[in-house]
Student: 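Structure provided below as structure tokens; questions to follow.
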Amino acid sequence: MPAITLPDGSVRRFDAPVTGTALAAEIGPGLARAALAMKRDGKLVDLSSEIAEDAAIVFVTRRDPDALSLIRHDAAHVLAEAVQELYPGTQVTIGPAIDTGFYYDFHRNEPFTPEDLPAIEARMREIVARNAPFVRQEWDRDAAIAFFQARGERFKAELIRDLPQSETISLYSQGAWLDLCRGPHMRATGDVGTAFKLMKVAGAYWRGDHRNPVLSRIYGTAWRDQKELDAYLHMLEEAERRDHRRIGREMDLFHLQEEAVGSIFWHPKGWRLYRAVESYIRRRLDAADYQEVRTPQLVDRSLWEASGHWDKFREHMFVAQVEDENKVLALKPMNCPCHVQIFRQGVRSYRELPLRMAEFGACHRYEPSGALHGIMRVRAFTQDDAHIFCTEDQVAAETARFVALLASVYRDLGFADFRVKFSDRPALRAGDDTVWDKAEGALIEACRLAGVEYTTNPGEGAFYGPKLEFVLRDAIGRDWQCGTLQVDYILPERLDAEYVGEDGVRHRPVMLHRAILGSFERFLGILIEQHAGRFPLWLAPVQAAVATIVSDADGYAEQVAAALRQAGLTVALDLGREKINAKVRAHSVAHVPAILVVGRKEAEAGTVALRRLGGEAQEVMPLAAAVARLAAEARPPDFTAGSHGLADHHS
RNA sequence: GCCGACGUAGCUCAGUGGUAGAGCAACUGAUUCGUAAUCAGUAGGUCCGGAGUUCGACCCUCCGCGUCGGCACCA
């Protein structure tokens with residue numbers, strides 16, 4: 001005898017179980033037409049399912065954001081049906097909804113190619129037009145396994161076999177087509193609508209394991225209506241325009257070439273950007289009581305054996321040998337073992353802790369070729385690395401301190417939003433469980449202290465300790481780990497770091513591995529995409545352009561440029577003979593934040609016409625005023641008004 | 001590393017089994033002009049590399065390398 005509470009608070013009572021379909025019909029014909037599914041006590045279920053007990057019901061219509069995942073999941077089923085109609089013998093596996101759409105993984109001897117997509121998409125539209133109802137069936141486990149086995153669907157059979165015994169085995173049919181699926185679905189294939197598009201094909205391992213067969217994955221995107229689809233496609237085009245590889249070329253920041261795969265050739269303008277960020281970080285670290293060091297690039301194998309890296313990561317290390325010596329050296333893949341060597345010089349006292357040792361450490365890692373991506377994932381990179389040697393009691397406070405510093409740096413560089421992930425012990429690890437218990441506990445406690453919200457990544461920690469990862473997002477929505485904080489009880493033990501405590505006895509310090517940017521290369525890639533190349537003045541590689549209208553103003557333009565340079569700005573002087581329109585366009589396209597136009601009037605009056613990138617207005621003002629304004633704006637955000645140190649940042 | 005696609009001028013891209021093309025950029029000349037492209041001309045190519053098929057290969061085949069999109073990896 002269900003009593004059903006609706007969103008408006010009203011309650012409807014029924015003498016017998018009632019389906020969502022019937023309930024919607026009773027409320028009104030409009031709702032009956034619009035309802036795609038419903039939420040029963042907050043859980044999304046089929047509209048056709050029966051409500052037998054008291055429940056709160058909310059109907060989901062196309063306007064509801066929840067409709068997106070339903071549309072996408074249903075679209076995946078439609079895709080699978082289309083593929084099996086067109087390519088008999090193809091096996092289905094799984095096909096979930098994702099952030100921007102859906103995909104389906106198929107097993108087929110011939111992988112799909114992009115040329116196959118139009119035909120598949122056309123068939124999908126036919127299936128949507130058929131508007132076949134989704135019908136849920138519950139099956140006996142063995143019968144379901146036998147059914148899929150008999151159809152040659154060995155992946156589906158394996159999936160069912162691995163489902164927990166408690167799980168109900170449900171299948172959904174749409175017309176003649178049938179698939180294992182937990183549900184829920186909408187009413188019929190027609191509810192998918194027409195705002196979808198197949199995007200790309202890709203290879204993917206069965207169950208995400210590289211030892212398994214490669215499946216052929218088809219990605220699609222699906223939205224509630226054409227307007228949303230168009231907006232998404234437009235967003236992708238915009239994102240392509242801000243791709244750091246494109247902007248890097250257009251703004252002449254860097255290049256990559258075959259002879260140095262995974263290493264970057266930084267051009268003068270790109271290096272200026274790099275140095276602006278590096279100088280900024282260096283100042284922030286100085287201010288936060290870090291001590292900068294510099295350690296060797298090539299280090300003997302014995303140190304890597306002692307640290308444990310040789311065992312676990314040898315195949316990812318670049319190894320160097322010389323003919324005369326019987327030694328094996330490795331280019332350092334990370335800085336920590338070297339920092340411990342500095343810590344170990346002399347006898348350390350507890351009074352020195354926490355000791356924060358920083359390095360802009362140039363590291364090399366032999367990354368798998370398929371992982372390389374522009375300047376975001378390279379084989380030669382520089383970390384804004386530091387290791388904090390501290391006592392166990394100091395871990396939480398140091399973590400909180402670090403998170404505050406990181407948040408402030410991210411804010412200054414234009415990243416208000418970032419996400420935090422907590423990764424705990426991996427299967428392959430050093431150290432026993434009591435140590436891991438302690439390390440994980442300390443990190444969790446530190447997060448609580450610092451007020452950091454995080455999601456958990458089970459089993460994703462480093463081999464020597466758990467970690468926090470600070471994740472930023474690129475132009476097309478891919479996540480990249482930038483900052484990190486890792487608690488390490490293992491390395492101090494392995495490399496025998498110790499300090500003398502208040503009690504006069506030797507103790508092991510705890511090491512916190514931490515980075516804010518992560519690698520400069522990756523971070524600059526994200527920074528370029530974040531700003532689409534239109535950097536704030538303090539980061540812009542060329543901060544101002546001085547452009548003349550007539551050649552009579554050349555002499556004055558040189559004075560203007562000199563005055564700007566005197567104030568520490570990087571200036572492009574444009575005395576070319578093109579029209580001012582062409583000059584303004586050229587510097588705008590080059591993303592120069594300030595364009596100072598001078599003609600006869602300005603030369604006579606000692607003024608400049610200042611135009612800001614992206615704006616259409618010009619402001620005529622005395623030269624000194626323009627210089628003062630731009631110089632002030634070019635001051636890095638960590639400089640308070642009247643602060644010294646301009647010499648440092650414009651070097 | 002795996003699956004797929006791609007690789008032609010500095011950049012963006014056409015192109016055909018029979019002498020390699022455009023726009024922009026560059027360079028030269030003319031133009032002195034008031035805020036997102038002035039006009040004309042010139043130059044520019046190991047068509048990613050290697051092998052093969054062919055009378056003849058930028059094009060077809062094979063092998064490499066690189067890039068791109070995913071997957072896997074990311075101390």
Student: Rounded to the nearest Å, what distance is computed from the CZ atom of residue A:R246 to the C1' atom of nucleotide B:U67?
Tutor: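 Rounded to whole Å, this separation is 16 Å.
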Student: Distance check, rounded to the nearest 0.5 Å: A:Q481 atom CD versus A:R522 atom CZ?
Tutor: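 So the gap between those two atoms works out to 6.5 Å.
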Student: Evaluate A:L596 against A:L564 for side-chain contact (heavy atoms from CB on, under 4.5 Å), listing each step before the verdict.
Tutor: CA-CA 10 Å; A:L596 294 84; A:L564 290 165; 4.0 Å; yes
Student: For A:H255 and B:G66, what is the distance between atoms NE2 and C1' respectively, to the nearest whole Å?
Tutor: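 The answer, rounded to whole Å, is 13 Å.
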Student: CG/A:L495 to NE2/A:H339 distance, rounded to the nearest 0.5 angstrom?
Tutor: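 A:L495 atom CG to A:H339 atom NE2 measures 12.5 Å (nearest 0.5 Å).
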Student: Walk along nucleotides 27-35 of chain B from 5' to 3' and tag each nucleotide B, S or - by protein heavy-atom contact under 4.0 Å, base first, then sugar-phosphate.
Tutor: ----BBBBB
Student: Rounded to whole angstroms, how far apart are CD1 on A:I218 and P on B:A5?
Tutor: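 Interatomic distance, CD1 of A:I218 to P of B:A5: 14 Å.
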Student: Between A:R429 and A:D424, does any side-chain N to carboxylate O distance fall below 4.0 Å?
Tutor: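 No, no charged N to carboxylate O under 4.0 Å.
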Student: Specify the residue among A:G614 and A:L256 whose closest nucleotide of RNA chain B lies further upstream toward the 5′ end.
Tutor: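 Checking each residue's closest nucleotide, the 5'-ward one belongs to A:G614.
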Student: Is there a Watson-Crick or G-U wobble partner for B:A36 with both distances under 3.5 Å, and if so, which one is it?
Tutor: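 Result: none.
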Student: Which residues pass the salt bridge (charged side-chain N to carboxylate O under 4.0 Å, His left out) test with A:R356, sequence neighbours left out?
Tutor: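 Partners of A:R356 under the salt bridge (charged side-chain N to carboxylate O under 4.0 Å, His left out) test: A:E398.
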Student: Measuring only the P atom in each nucleotide, how far is B:U61 from B:U16? A whole number of Å is fine.
Tutor: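 My reading of the P atoms in B:U61 and B:U16 gives 16 Å.
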Student: With both distances kept under 3.5 Å, what pairs with B:G66, Watson-Crick or G-U wobble?
Tutor: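 The answer is B:C6, by the H-bond criterion.
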Student: In whole Å, measure the gap between the P atoms of B:C6 and B:C48 for me.
Tutor: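 The same atom, P, in both gives a distance of 13 Å.
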Student: Does a nitrogen or oxygen in the side chain of A:S369 sit under 4.0 Å from OP1 or OP2 of B:G1?
Tutor: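 Yes.
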Student: Distances for protein N/O vs nucleotides 23-26 of chain B N/O pairs under 3.5 angstrom?
Tutor:
none

Student: Run the ring-centre check on A:F265 versus A:H255 and record whether the distance is less than 6.0 Å.
Tutor: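 Yes, the ring of A:F265 comes within the 6.0 Å limit of the ring of A:H255, centre to centre.
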Student: Looking at A:R600 and A:E602, does any basic side-chain N land under 4.0 Å from a carboxylate oxygen?
Tutor: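 Salt bridge absent between A:R600 and A:E602.
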Student: Distance between the C1' atoms of B:A25 and B:G41, in whole angstroms?
Tutor: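 Straight-line distance between the two C1' atoms is 16 Å.
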Student: Could you identify the nucleotide paired to B:G52, looking across every strand shown and requiring Watson-Crick or G-U wobble geometry with both distances under 3.5 Å?
Tutor: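 B:G52 is paired with B:C60.
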Student: Under a 4.0 Å threshold between the charged nitrogen and the carboxylate oxygen, would A:R425 count as salt-bridged to A:D433?
Tutor: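 Judged by the 4.0 Å cut-off on N to carboxylate O distance, A:D433 and A:R425 do form a salt bridge.
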Student: Taking for each residue the nucleotide of RNA chain B with the nearest heavy atom, is it A:G615 or A:G374 whose nucleotide lies nearer the 5' end?
Tutor: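 Upstream on the strand: A:G615.
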Student: Any salt bridge linking A:E493 with A:R508? Criterion: basic side-chain nitrogen under 4.0 Å from a carboxylate oxygen.
Tutor: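 So A:E493 pairs with A:R508 through a salt bridge.
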Student: Using the P atoms only, state how far B:C60 lies from B:U67, rounded to an integer number of Å.
Tutor: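 After rounding to an integer number of Å, I get 23 Å for this pair.
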Student: Can you check whether A:E521 reaches A:T382 side chain to side chain, under 4.5 Å on heavy atoms?
Tutor: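 Yes; the side chains approach each other to less than 4.5 Å.
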Student: Could you tell me how far B:C59 sits from B:C47 if I compare only their C1' atoms? Round to whole Å.
Tutor: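 Looking at atom C1' only, B:C47 and B:C59 are 10 Å apart.
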Student: Is any side-chain heavy atom of A:L79 less than 4.5 Å from a side-chain heavy atom of A:F106?
Tutor: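 Touching, per the 4.5 Å side-chain cut-off.
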Student: What is the distance, rounded to the nearest whole Å, between atom CD of A:E240 and atom P of B:C68?
Tutor: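 Answer to the nearest Å: 13 Å.
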Student: In Watson-Crick or G-U wobble terms, both distances under 3.5 Å, what is the partner of B:G45?
Tutor: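 Its partner: none found.
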Student: State plainly whether the residues A:D385 and A:R514 are in salt-bridge range, i.e. N to O under 4.0 Å.
Tutor: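 Between A:R514 and A:D385 there is no salt bridge, as every charged N stays at least 4.0 Å from the carboxylate O atoms.
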Student: Taking a pair as Watson-Crick or G-U wobble with both distances under 3.5 Å, which nucleotide is matched to B:A25?
Tutor: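 When the pairing criteria are applied, nothing turns out to pair with B:A25, so the answer is none.
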Student: Between the protein and nucleotides 11-13 of chain B, which nitrogen or oxygen pairs come in under 3.5 angstrom?
Tutor:
residue, atom, partner, partner atom, Å
B:C11, O3', A:R249, NE, 3.4
B:U12, OP1, A:R249, NH2, 2.9

Student: Using atom C1' of each nucleotide, how far apart are B:C74 and B:G1 to the nearest Å?
Tutor: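 Approximately 13 Å lies between the C1' atom of B:C74 and that of B:G1.
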Student: Output one letter per nucleotide in nucleotides 69-75 of chain B: B when a protein non-hydrogen atom lies under 4.0 Å from the base, S when only the sugar-phosphate is that close, - when neither is.
Tutor: BBBBBBB
Student: Calculate, to the nearest 0.5 Å, the distance between atoms NE2 and SG belonging to A:H387 and A:C338 respectively.
Tutor: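 Going from NE2 on A:H387 over to SG on A:C338, the span is 10.0 Å.
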Student: Taking the P atom of each, how far is B:G10 from B:C27, in whole Å?
Tutor: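 To the nearest whole Å, 15 Å.
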Student: Looking at the rings of A:F102 and A:F196, which for Trp means the six-membered one, are their centres under 6.0 Å apart?
Tutor: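 Between A:F102 and A:F196, the centre distance exceeds or equals 6.0 Å.
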Student: Extract from the structure each pairing of a protein N or O with an N or O of nucleotides 40-46 of chain B at less than 3.5 Å, listing the distance.
Tutor:
none

Student: Can a salt bridge be assigned to the pair A:R629 and A:E633 using a cut-off of 4.0 Å between side-chain N and carboxylate O?
Tutor: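 No salt bridge links A:R629 with A:E633.
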Student: To the nearest 0.5 angstrom, please state how far the CG atom of A:D243 sits from the CZ atom of A:R249.
Tutor: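 With rounding to 0.5 Å, CG (A:D243) is 8.5 Å from CZ (A:R249).
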Student: Going from OH on A:Y219 to OH on A:Y103, what distance comes out if it is rounded to the nearest 0.5 angstrom?
Tutor: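 The OH atom of A:Y219 sits 6.5 Å away from the OH atom of A:Y103.
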Student: In whole Å, what separates the C1' atom of B:C58 from that of B:G49?
Tutor: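 Per the computed distance, 14 Å lies between those C1' atoms.
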Student: Just verifying a value: how many Å separate A:L623 CG and A:Y556 OH, rounded to the nearest 0.5 Å?
Tutor: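 Going from CG on A:L623 over to OH on A:Y556, the span is 4.5 Å.
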Student: Determine which nucleotide pairs with B:C73, using a 3.5 Å limit on both distances of a Watson-Crick or G-U wobble pair.
Tutor: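 WC or wobble partner does not exist here.
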Student: CG of A:N212 versus C1' of B:C3: gap in Å, rounded?
Tutor: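 Computing the A:N212:CG to B:C3:C1' distance gives 14 Å.
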